Amino acid sequence: MTNATILLARHGLSQDDRYSKTHVARLTQSILQYPTNDWSDRRLIEWIQQVPFQDLPGREAMINPLTDDLPYQSFDPYIRGIVRWLNTLGILTLSCCDGHARGQASVTLQQAPSLEQWQLLELALPQQMTMQLIHLTLQLNYRRSGFASLLLFAERLYRLTADQHYLKTLRLERFKHRLLTWLEVPGVSRRERLVAMRLRNELKSQTDFLYTDKRGNVLATIPCGVGPTVLLSAHMDTVELIEEDRVILEDGTTLRSSSGILGADDRAGITTILEVLDRVRNTNFSGTLKLAFTVQEEIGCRGAEGIDPAFLKDVDAAIVVDRRGTRDIVTACRNQIPFCTQEFGQLFEEAGRLVGMPDWQTTTNGGSSDTNVFAGFGIPSVNLSVGYRHEHTEHETVDYAATFETVALIESVLHHQLIPVRS
């Protein structure tokens, strides 16, 4: 997309509009008279305000986009684009206000957005903004970032209407910010309390049963219907302290620390599981999810070894998310200690093929991890790659796009109901 296309979209306009016979077409034709090298957000607002129109309703008017031609030029300057692309996405509006620099914009809707529409809005919402729906009025708080965040929201909504791949881009961007947040949480072995507290705060509204056991592991149960019980697990400790003044540097989709360890082992695993939880309700999964966020994995898997066997008794399969690299399905430790049967590992290869990632492959050359412990309880288990490399060193990196692919793999396993109930 060109810069000119994006600038127009931020204000609710499109070059394609000029071929129709609407108010917005007349408005776009007027704007297109100006050379694109003179365009900016401020200039476009000024030019729109200068376009003469007669007999238009006031900017606070209740307008039905199904029956009326929306007069975008009469709307408040910083809300036009949002209203235009909301309607294009099928989220029909009645009135709007950009807040007039008071810090809260609003759009009144004809009906509440569907779950899918609400998820699109959440993905498109800039980090600097908050959003809530009160009595069919969508309130957008931009107090910290000014009007620019409203224009950015409009731009993102437009991209959702124009580019079928942009939804994946937004999901990946949101996932990156989630991972960055967890990479800042310290928790060396034996000092995981802050990690546990944050996990409990995030999980308490999603779980049916949540507690911290005597070892300090955070354990939870999430019922999702009748079917297998699947354990998702990652560890909370890092091998060393995360340095306080370090900066996380980005190179494409790769993250690294300016000094010391990055902590992606296993903050990437924690983030993956939390993302899966957000998405599982939109899958066909029927069964129970159990969660085990363990302590002291880096010093001998002591947390996993201390889990009450009663918590694990009904688990049909364990998915640990703590393997370096990409697209490995670890089914044994050092080619000697099996975690599961070959057929069980192949279920995950099939899940990869079903979601367009056929190069997920089983390997028996794994290292020591909590997977050993769960397999020792007789639970078929795998350990999945989660995108980090050079763990335990100052050269540690994580490719968050690869981490996000692990989310997609687990989601595919659950959605296609590939894990059987053990007899």
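Every value quoted in this text rests on a predicted model; they were computed, and no experiment measured them.
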**Prompt:** Quick one: does Tyr388's side chain get under 4.5 Å of Asp322's, heavy atoms only?
**Reply:** yes
**Note, Lys290 side chain near Thr229 side chain (heavy atom, < 4.5 Å)** = yes
**Message:** With a 3.5 Å distance limit and no angle check, can you tell me whether Arg215 reaches the backbone of Val295 through a side-chain donor-acceptor pair?
**Reply:** no
**Asked** CG of Leu418 to CD of Glu350: how many Å apart, nearest 0.5 Å?
**Response** 6.5 Å
**Request:** Without swapping roles, check the side chain of His235 against the backbone of Asp237 for a donor-acceptor pair under 3.5 Å.
**Result:** yes
**Request:** Decide yes or no for Cys224 and Arg281: does some side-chain heavy atom of the first lie under 4.5 Å from some side-chain heavy atom of the second?
**Result:** yes
**Asked** What closest approach, in Å, do Leu7 and Ser40 show between heavy atoms, and which atom pair accounts for it?
**Response** CD2-C, 4.1 Å
**Message:** Quick check: do Arg327 and Ser385 have side-chain heavy atoms less than 4.5 Å from each other?
**Reply:** no
**Prompt:** Roughly how far, to the nearest 0.5 Å, is the OH atom of Tyr78 from the CG atom of Asp98?
**Reply:** 8.0 Å
**Item:** Non-hydrogen side-chain atoms of Trp118 and Leu121 separated by less than 4.5 Å
**Value:** yes
**Asked** Is Arg323 close to Ser369 at the side-chain level, that is, under 4.5 Å between some pair of heavy atoms?
**Response** no
**From Ser259, Ser257, Ser258, residue fulfilling side-chain hydrogen bond (donor to acceptor under 3.5 Å, both in side chains) relative to Arg246** = Ser257
**Prompt:** Is it the case that more than 12 heavy atoms not belonging to Arg193 sit under 6.0 Å from its CZ atom?
**Reply:** no
**Item:** Flag side-chain contact, heavy atom, 4.5 Å: Leu138 against Met131
**Value:** yes
**Request:** Answer yes or no: does atom CG of Asp245 have more than 12 heavy-atom neighbours from other residues, nucleotides or ligands under 6.0 Å?
**Result:** no
**Request:** Kindly indicate, with the supporting measurements, whether the criterion salt bridge (charged side-chain N to carboxylate O under 4.0 Å, His left out) is fulfilled by Glu202 and Arg178.
**Result:** CA-CA 12 Å; Glu202 186 153 347; Arg178 187 175 213 168; 2.6 Å; yes
**Fill in**
Closest non-hydrogen atoms of Trp360 and Ile329, given as atom of the first, atom of the second and distance, are CE3-CG1, 3.8 Å
**Prompt:** Is the backbone N or O of Leu219 less than 3.5 Å from a side-chain atom of Asn217, with the two atoms forming a donor-acceptor pair by type?
**Reply:** no
**Request:** Over all heavy atoms of both residues, which pair between Ser381 and Cys340 is shortest? Give the atoms and the distance, please.
**Result:** O-SG, 3.4 Å
**Prompt:** Does atom CD of Glu116 have more than 12 heavy-atom neighbours from other groups under 6.0 Å away?
**Reply:** no
**Request:** Salt-bridge test for Glu275 and Arg174: reply yes if a basic N is under 4.0 Å from a carboxylate O, no otherwise.
**Result:** yes
**Student check: side-chain heavy atoms of Thr238 and Asp265 closer than 4.5 Å** = no
**Prompt:** Distance-only, no hydrogens or angles: does the Asp266 side chain make a donor-acceptor pair with backbone N or O of Gly269 under 3.5 Å?
**Reply:** yes
**Prompt:** Is Glu240 reaching over with its side chain to a backbone N or O of Gly260, donor-acceptor style, under 3.5 angstrom?
**Reply:** no
**Residue pair Thr326, Arg389: steps toward the side chain to side chain contact (heavy atoms under 4.5 Å, CB included) verdict** = CA-CA 9 Å; Thr326 60; Arg389 298 182 186 275; 3.8 Å; yes
**Request:** Go through the steps for Asp251 and Arg256 under the test side chain to side chain contact (heavy atoms under 4.5 Å, CB included), then give the verdict.
**Result:** CA-CA 8 Å; Asp251 181 8; Arg256 64 181 177 87; 5.9 Å; no
**Fill in**
When rounded to the nearest 0.5 Å, the distance separating OG1 of Thr5 from CG of Leu13 is 11.5 Å
**Asked** For Cys96 and Asp76, which heavy atoms make the closest approach, and how far apart are they?
**Response** O-OD2, 4.4 Å
**Request:** For Gly306 and Asp213, work out which heavy atoms get closest and say how close.
**Result:** O-OD2, 4.3 Å
**Request:** State whether the side chain of Tyr166 and the backbone N or O of Leu157 hold a donor-acceptor pair below 3.5 Å, judged by distance alone.
**Result:** no
**Message:** Please check this pair: side chain of Thr254 against backbone of Gly252, looking for a donor-acceptor N/O pair closer than 3.5 Å.
**Reply:** no
**Asked** From Thr93 OG1 over to Leu136 CG, what is the distance, rounded to the nearest 0.5 angstrom?
**Response** 12.0 Å
**Request:** Show your working on side chain to side chain contact (heavy atoms under 4.5 Å, CB included) between Ile242 and Leu183 and close with a plain yes or no.
**Result:** CA-CA 9 Å; Ile242 293 173; Leu183 286 172; over 6 Å; no
**Asked** Does Glu298 reach the main-chain N or O of Ser189 with its side chain, forming a donor-acceptor pair under 3.5 Å?
**Response** no
**Message:** Could you measure the distance from the OG atom of Ser149 to the OH atom of Tyr142? Nearest 0.5 Å is fine.
**Reply:** 8.0 Å
**Asked** Would you say the ring centroid of Phe377 lies under 6.0 angstrom from that of Phe374?
**Response** no
**Prompt:** Does a donor on one side chain and an acceptor on the other come within less than 3.5 Å for Asn141 and Gln132?
**Reply:** no
**Prompt:** Just one of Thr397, Leu180, Asp399, Leu249 clears the side-chain contact (heavy atoms from CB on, under 4.5 Å) bar with Leu255, so which one?
**Reply:** Leu180
**Asked** Taking all atoms of both residues into account, what is the closest heavy-atom pair of Val398 and Ala264, and its distance?
**Response** CB-CB, 3.6 Å
**Stepwise side chain to side chain contact (heavy atoms under 4.5 Å, CB included) check, Phe293 with Thr212** = CA-CA 9 Å; Phe293 295 101; Thr212 303; over 6 Å; no
**Distance-only donor-acceptor check, side chains Gln342 and Thr362, under 3.5 Å** = no
**Item:** Pair Glu155-Arg159, salt bridge (charged side-chain N to carboxylate O under 4.0 Å, His left out): steps then yes or no
**Value:** CA-CA 6 Å; Glu155 177 184 327; Arg159 287 178 182 267; 3.5 Å; yes
**Request:** For Asp41 and His11, run side chain to side chain donor-acceptor pair (under 3.5 Å): C-alpha distance rounded to whole Å, both residues' side-chain angles, the deciding distance at 0.1 Å, then the answer.
**Result:** CA-CA 8 Å; Asp41 288 319; His11 299 274; 2.9 Å; yes
**Request:** Would you sort out whether Glu173 and Lys176 count as a salt bridge (charged side-chain N to carboxylate O under 4.0 Å, His left out), showing the intermediate values?
**Result:** CA-CA 5 Å; Glu173 183 69 13; Lys176 179 188 76 171; 3.4 Å; yes
**Request:** Verify, without hydrogens or angle tests, whether Trp85 (side chain) and Ala9 (backbone) share a donor-acceptor contact under 3.5 angstrom.
**Result:** yes
**Message:** Are more than 12 heavy atoms, taken from residues, nucleotides or ligands other than His177, located less than 6.0 Å from that residue's NE2 atom?
**Reply:** yes
**Asked** So with a 6.0 Å cut-off around CZ of Arg324, is the heavy-atom count from everything else above 12?
**Response** no
**Prompt:** Distance from Thr371 atom OG1 to Ile337 atom CD1, nearest 0.5 Å?
**Reply:** 11.5 Å
**Prompt:** For the side chain of Thr272 and the backbone of Ala268, is there at least one donor-acceptor N/O pair under 3.5 Å apart?
**Reply:** yes
